Amino acid sequence: MSHITVCARFRPLSSKERRDHGDSVSVQSLDSETFIFKDEKEEDFTFSFDRVFYQGSEQVDVYEFLALPIVRDAVNAINGTIITYGQTGAGKTYSMEGPSILECDQQKKGLLPRVVDGLFQCIKSSDEATKYTIKLSMVEIYMEKVRDLFDLLKDNIQVKESKVHGILLSGVTEVSILDSTEALHSLSRGIANRAVGETQMNMASSRSHCVYIFTVQQEFPKDKRTGKLILVDLAGSEKVEKTGAEGKLLDEAKTINKSLSALGNVINALTCSPQGRANHIPYRDSKLTRILQDALGGNSRTALLCCCSPSPSNALESLSTLRFGARAKHIKASPRVSYNNDKYTKKHGTQSPSKDGSCERILNKLTEKLDIEDVNLLEELFILEGIFSYPNSVEDLELTLEDVALRTISSLQEGLEELTLIVEEL
């Protein structure tokens, strides 16, 4: 098992921050991994991460330390995820994309175009006998709906789960890419469809979480392997008094903050469970955490870039970001080589059951414990919520049953708590 790689990055001071506080900053560098951060009350906090990128850091330094090892793994069929996190205006999208996905000098290129180049460079230097194909998907999570940025008609994509392939986006558009130029033009087209808005802290504030998915398939004479590389540019947390958000922007901000809170809850559940006790992880509380389920404690090598402002005016928000990163450091993952479904079937000697057959088996199991009326009600709820997925084995079925049971218990507990509050009010 391996831990998540966590890095912190401090952007340069903005012109507004210089007007308000001069050249004053809240961060004091100790070395390339450790620094002292001063909060609004002048209290010092010491943080240590895998690497710290200070104000003068270069884009290439971030890529080579944070992303390049994950790119190499993806080409070798090991899943990887790279996430940028921080308050609005902290430099997440600049770190991810650079000034522009198509037109910027080599020095300013962000993680995304460098990852594209890195994938094709790794393939070029690999064994010539191995055939590679790369497919690209791009979605945004906007107002708790997953939207396909390559096909805007697909504005409510369902998140599914497979034992073999992990988390899947049902029906998402996949674009085959043959070289870096083609990939960057496809990415530019998707980015143009992303929801953005102007706030007092950011002229082009992202109003959604953006997810880029590269699926790299290796084809050998006897089998196939597939690695997924996912990059996630999270929308920034917002304080309304600072952003001045109103109307639609305010509704967007509330949804963004709610999903980021759900992400924090998942991090807490993964890192704060009592020793030796299993803990329910609330992945299903938001579309964001559901999509990131493999990245957070699952089959993926994951890196987190915590983007911060160094200014005292944003000390509270930066401290919150750094604490989030410090907790995430303790998450353990189990990345492994991902084989295709045919390989899995041969190895285990079983065929994947159909969706209808799997659902029927789940409902039959529930009937053993519950009344038929309760089972029928649960079936309707599961279908409405998109809970039924596609189990691929008996083991997968058992995991699905366990997940259904945990969420059923959780829902019943919430209902009981609400009922207790009503009774107390009476």
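Worth saying up front: this structure is predicted, and the values here are computed from it rather than measured. When a residue number appears, it is its place in the shown sequence, counting from 1.
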Would you please classify the geometry between the Phe35 ring and the Phe49 ring as parallel, tilted or perpendicular, with 30° and 60° separating the classes?
parallel
Do you know which two heavy atoms are closest between Cys122 and Val75, and how far apart they sit?
CB-CG2, 3.7 Å
CD1-OG1 distance between Ile4 and Thr271, expressed to the nearest 0.5 angstrom
10.0 Å
Please check if atom NZ in Lys108 has more than 12 non-hydrogen atoms from other residues, nucleotides or ligands closer than 6.0 Å.
no
Is the shortest side-chain heavy-atom distance between Gln217 and Lys224 below 4.5 Å?
yes
Looking at Phe45, I'd like to know if the NZ or CZ of Arg323 sits under 6.0 Å from its six-membered ring centre while staying within 45 degrees of the ring's axis.
yes
Distance-only, no hydrogens or angles: does the Gln59 side chain make a donor-acceptor pair with backbone N or O of Gln106 under 3.5 Å?
no
Going from NZ on Lys41 to CG on Leu316, what distance comes out if it is rounded to the nearest 0.5 angstrom?
9.5 Å
Matching residue for Ile134 among Val116, Thr215, Ile123 - test: side-chain contact (heavy atoms from CB on, under 4.5 Å):
Ile123
Separation between CE (Met143) and OG (Ser259), nearest 0.5 Å, reads 11.0 Å
For residues Glu252 and Tyr142, determine if any side-chain heavy atom of one lies less than 4.5 Å from a side-chain heavy atom of the other.
yes
For residues 180-189, which residue pairs pass the side chain to side chain donor-acceptor pair (under 3.5 Å) check, not counting sequence neighbours?
Asp117-Ser180
Set out, in order, the CA-CA distance, both residues' side-chain angles and the distance that settles side-chain hydrogen bond (donor to acceptor under 3.5 Å, both in side chains) for Gln218 and Tyr132, then state yes or no.
CA-CA 5 Å; Gln218 291 176 292; Tyr132 287 89; 3.1 Å; yes
So, does Asp233 use its side chain to make a donor-acceptor pair with the main chain of Cys210 at under 3.5 Å?
no
Give, for atom CD1 of Ile78 and atom CZ of Arg72, the distance between the pair rounded to the nearest 0.5 Å.
13.0 Å
Do the charged groups of Arg290 and Glu161 touch, with an N to O distance under 4.0 Å?
yes
Do side-chain atoms of Glu42 reach the backbone of Glu40 as a donor and acceptor pair under 3.5 angstrom?
no
Output yes when Lys287 and Glu144 qualify as a salt bridge under the 4.0 Å nitrogen-oxygen rule, no when they do not.
no
Take the angle between the ring planes of Phe53 and Phe65 and call it parallel below 30°, perpendicular above 60°, tilted in between.
perpendicular
Val159 pairs by side-chain contact (heavy atoms from CB on, under 4.5 Å) with which of Val139, Val172, Ile167?
Ile167
Using modelled atom types and a 3.5 Å cut-off, is there a donor and acceptor pairing between side-chain atoms of Thr302 and backbone atoms of Ala295?
yes
Heavy-atom check, side chain of Thr81 versus side chain of Asp294, under 4.5 Å
no
Looking at Gly89, is its backbone amide N or carbonyl O close enough to the side chain of Arg11 to form a donor-acceptor pair, meaning the two atoms are under 3.5 Å apart?
yes
Is the backbone of Cys308 close enough, under 3.5 Å, to the side chain of Asn314 for a donor and an acceptor to pair up by distance?
no
For Thr84 and Ser95, does a side-chain donor sit closer than 3.5 Å to a side-chain acceptor?
no
Heavy-atom closest contact (Ser311 atom, His21 atom, distance):
OG-CD2, 4.1 Å
Exercise: identify the closest heavy-atom pair between Pro310 and Val27
CB-CG1, 4.2 Å
Taking side chain as C-beta onward, heavy atoms only, is Ser26 less than 4.5 Å from Asp39?
no
Is there a donor-acceptor pair under 3.5 Å between the side chain of Thr289 and the backbone N or O of Ser286?
yes
Sole candidate of Gln87, Glu317, Glu17 that passes side-chain hydrogen bond (donor to acceptor under 3.5 Å, both in side chains) when paired with Ser309:
Glu17
Rounded to the nearest 0.5 Å, how far apart are OH of Tyr283 and NE2 of His280?
10.0 Å
Exam field: side chain Lys109 to backbone Arg114, donor-acceptor pair closer than 3.5 Å
no
Could you label the plane-to-plane angle of the Phe37 and Phe47 rings as parallel, tilted or perpendicular, counting under 30° as parallel and over 60° as perpendicular?
perpendicular
Mark yes or no for whether Asp50, through its side chain, and Val6, through its backbone, hold a donor-acceptor pair below 3.5 Å.
yes
Is the backbone N or O of Asp251 less than 3.5 Å from a side-chain atom of Thr255, with the two atoms forming a donor-acceptor pair by type?
yes
Heavy-atom closest pair, residues Asp31 and Tyr54:
O-OH, 2.7 Å
Which heavy atom in Glu140 sits nearest to a heavy atom in Ser208, and how many Å separate them?
OE1-OG, 2.6 Å
Sub-4.5 Å side-chain heavy-atom contact between Asp23 and Arg18
yes
With a cut-off of 6.0 Å (strictly less than), are more than 12 heavy atoms of other residues, nucleotides or ligands near NZ of Lys329?
yes
Residue pair Asp148, Thr173: steps toward the side-chain hydrogen bond (donor to acceptor under 3.5 Å, both in side chains) verdict:
CA-CA 7 Å; Asp148 192 328; Thr173 302; 2.8 Å; yes
To the closest 0.5 Å, what do you measure between CG (Asp61) and SG (Cys7)?
11.0 Å
